[in-house]
There are 2 protein chains.
Amino acid sequence: MNAASRPPAADAAREETIDLGMLPALIGFNLRSAQLSVFQHFNRTLGKSEITPAQFGTLILIEANQGISQSAVAAALRFDRSTLVQIIDRLEGRGLVVRKASSRDRRSHALQLTPRGERLLAELKQRVRAHEDAIAGALSEDERRTLHDLLTRVQSGSEG
Amino acid sequence: MNAASRPPAADAAREETIDLGMLPALIGFNLRSAQLSVFQHFNRTLGKSEITPAQFGTLILIEANQGISQSAVAAALRFDRSTLVQIIDRLEGRGLVVRKASSRDRRSHALQLTPRGERLLAELKQRVRAHEDAIAGALSEDERRTLHDLLTRVQSGSEG
DNA sequence: TATTGTTATACTCTATAACTATA
DNA sequence: TATAGTTATAGAGTATAACAATA
């Protein structure tokens, strides 16, 4: 027996090929892997704009629902209300969003984009589309729909 | 015009139906939603065992690769080495894992499950399978494979 | 009584940088 | 010089609990 056919290692400290066991079969593991990759790509693509996915989602919701309340954004994005306070604090601090008085409920704030927020969001949407095309570039339109459908159904299964 | 056909609200503070804009079309958004649901379901199913997904993955890797090093686990799960230190600290503190001396590299630790760790992992695997069946229950075998394939390809697209 | 936004606080997850002991 | 593990530390993200104002 020569060096090229040495016996299995006594331990796996130097193994190049690691056995992942049941992990690759788990949806949770694959979701985490994919999300990690996608999130990192998002940061590479939009990092210069100093925007996080949560902030981007918030801007999108405010644009599509002028005067929406913080609680409504929180519910839609599945954040706690207290988390939204901080997200809005940052966006308002950067002059992208304003808290206006609500016309019908004096407890709540009506959120609006500033002109600057609108301009930035227009740019961000383009970059996000480029990011999206990059990560889904290898998928056909049909496959994208399938992925969307399967993810939605996994979600339903997690709630029931 | 009666109350049932009132005009659009001046702001969206009370709208029940929120417009999510481009978000539902984004893979990143759907990944985050699905992962959030799946992670919460994991916690409901395995919370009693006081185990996190990261800890579970670590146990699986140690079982499948006796004597694996911390760096190898970190690389496989895409954690920093310093993060693995803390994960192993907790698992060792609970008597589930031991750091043994490596037989061939005195810098590294050969990780092993304790008998107690092996017993717990056997239970955990069953609970994780139940969790997996619950969240993927609505998916056929074919669809599970498709989801796995699509997530893998999204990942590839995020790296290139 | 319930809800909106807020504050204070804390916990988890994760990484960076610098260190040590080995290689 | 480079790598394995460790430590100290810090940042991001998130939640819980309690509060004032308002519904």
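Reckoned from all heavy atoms, side chains included, excluding hydrogens, waters and symmetry mates. Below, read A as the first sequence line, B as the second, and so on, with proteins coming before strands; counting in each chain starts at 1.
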Notebook entry, point to check: Going by atom types alone, do Gln112(A) and Arg99(A) pair a side-chain donor with an acceptor below 3.5 Å?
Noted result: no
Margin query: Rounded to whole Å, how long is the line connecting atom CZ of Phe39(B) with atom P of dG13(D)?
Written below: 16 Å
Notebook entry, point to check: Tell me the ring pair (Phe, Tyr, Trp, His ring centres under 6.0 Å) pairs involving residues 47-74 of chain B, sequence neighbours left out?
Noted result: none
Margin query: Rounding to an integer number of Å, can you tell me how far Phe42(A) CZ sits from dG13(D) P?
Written below: 11 Å
Next item on the list: Name all residues meeting the side-chain contact (heavy atoms from CB on, under 4.5 Å) criterion together with Glu50(A); count only those two or more places apart in sequence or in a different chain, and write none if there are none.
Entry: Arg94(A)
Check: If each of Ile87(A) and Gln86(B) is mapped to the nucleotide of DNA chain D with the nearest heavy atom, which maps nearer the 5' terminus, i.e. the 5' end?
Finding: Gln86(B)
Margin query: Under the rule for side-chain hydrogen bond (donor to acceptor under 3.5 Å, both in side chains), what residues qualify as partners of Gln86(B), not counting sequence neighbours?
Written below: none
Notebook entry, point to check: Side chain of Arg106(B), backbone of Ala101(B): donor and acceptor closer than 3.5 Å?
Noted result: no
Notebook entry, point to check: Atom NE2 of His109(B) to atom P of dA21(C): distance rounded to whole Å?
Noted result: 13 Å
Next item on the list: Report yes if a side-chain nitrogen or oxygen of Arg106(A) is closer than 4.0 Å to either non-bridging phosphate oxygen (OP1 or OP2) of dA20(D); otherwise report no.
Entry: no
Check: Within the pair Ser69(A) and dT4(C), is there a side-chain N or O less than 4.0 Å away from OP1 or OP2?
Finding: no
Checklist line | All pairs passing ring pair (Phe, Tyr, Trp, His ring centres under 6.0 Å) where residues 115-143 of chain B contributes a residue, at least two apart | finding: His41(B)-His131(B), Phe42(B)-His131(B)
Checklist line | 5'-to-3' dot-bracket of DNA chain D (Watson-Crick, G-U; under 3.5 angstrom; crossing pairs as [ ]; | other strand) | finding: |||||||||||||||||||||||
Next item on the list: Could you check how far CD of Glu92(A) sits from P of dG5(C), rounded to whole Å?
Entry: 13 Å
Margin query: Measure CG/Leu84(A) against P/dT4(C) and give the value in whole Å, please.
Written below: 12 Å
Checklist line | Strand contacts (DNA chain D) in residues 50-59 of chain A, 4.0 angstrom heavy-atom criterion | finding: Thr52(A)
Note to self: Please determine whether a side-chain nitrogen of the Lys or Arg among Asp149(B) and Arg153(B) lies less than 4.0 Å from a carboxylate oxygen of the Asp or Glu.
What the structure shows: yes
Margin query: Among residues at least two apart in sequence or on other chains, which ones pass side-chain hydrogen bond (donor to acceptor under 3.5 Å, both in side chains) with Arg107(A)?
Written below: Asp105(A)
Checklist line | Protein-nucleotide distance (Ile68(A), atom CD1; dG5(C), atom P), rounded to Å | finding: 10 Å
Margin query: I need the residues from residues 73-82 of chain B with at least one non-hydrogen atom less than 4.0 Å from DNA chain C; give them sorted by number, or say none.
Written below: Phe79(B), Asp80(B), Ser82(B)
Next item on the list: Please list, chain by chain and in numerical order, all residues satisfying side-chain hydrogen bond (donor to acceptor under 3.5 Å, both in side chains) with Arg32(A), sequence neighbours excluded.
Entry: none
Check: Hey, does the side chain of Gln70(B) come within less than 4.0 Å of dT6(D)'s phosphate (OP1/OP2), counting only N and O?
Finding: yes
Checklist line | Residues forming a salt bridge (charged side-chain N to carboxylate O under 4.0 Å, His left out) with Asp80(A), sequence neighbours excluded | finding: none
Check: On a plain distance test, is the side chain of Arg107(B) in donor-acceptor contact with the base of dT3(D) below 3.5 Å?
Finding: yes
Check: Atom NZ of Lys100(B) to atom P of dG5(D): distance rounded to whole Å?
Finding: 16 Å
Margin query: Using a heavy-atom cut-off of 4.0 Å across all strands, would you classify Ser71(B) as base, sugar-phosphate, or nothing?
Written below: sugar-phosphate
Checklist line | Closest to the Val85(B) side chain, choosing from dG13(D), dT7(D), dT14(C) | finding: dT7(D)
Check: Which side-chain hydrogen bond (donor to acceptor under 3.5 Å, both in side chains) pairs, counting each pair once, include a residue from residues 113-124 of chain A, with sequence neighbours left out?
Finding: Glu123(A)-Arg127(A)
Check: Could you give the CD1-to-P distance, from Ile88(A) to dT4(C), as a whole number of Å?
Finding: 15 Å
Item checked: For Glu63(B), all residues meeting side-chain hydrogen bond (donor to acceptor under 3.5 Å, both in side chains), sequence neighbours excluded -> Lys125(B)
Next item on the list: Look at Arg104(B) and dA4(D) and indicate whether a side-chain polar atom (N or O) is within less than 4.0 Å of OP1 or OP2.
Entry: no
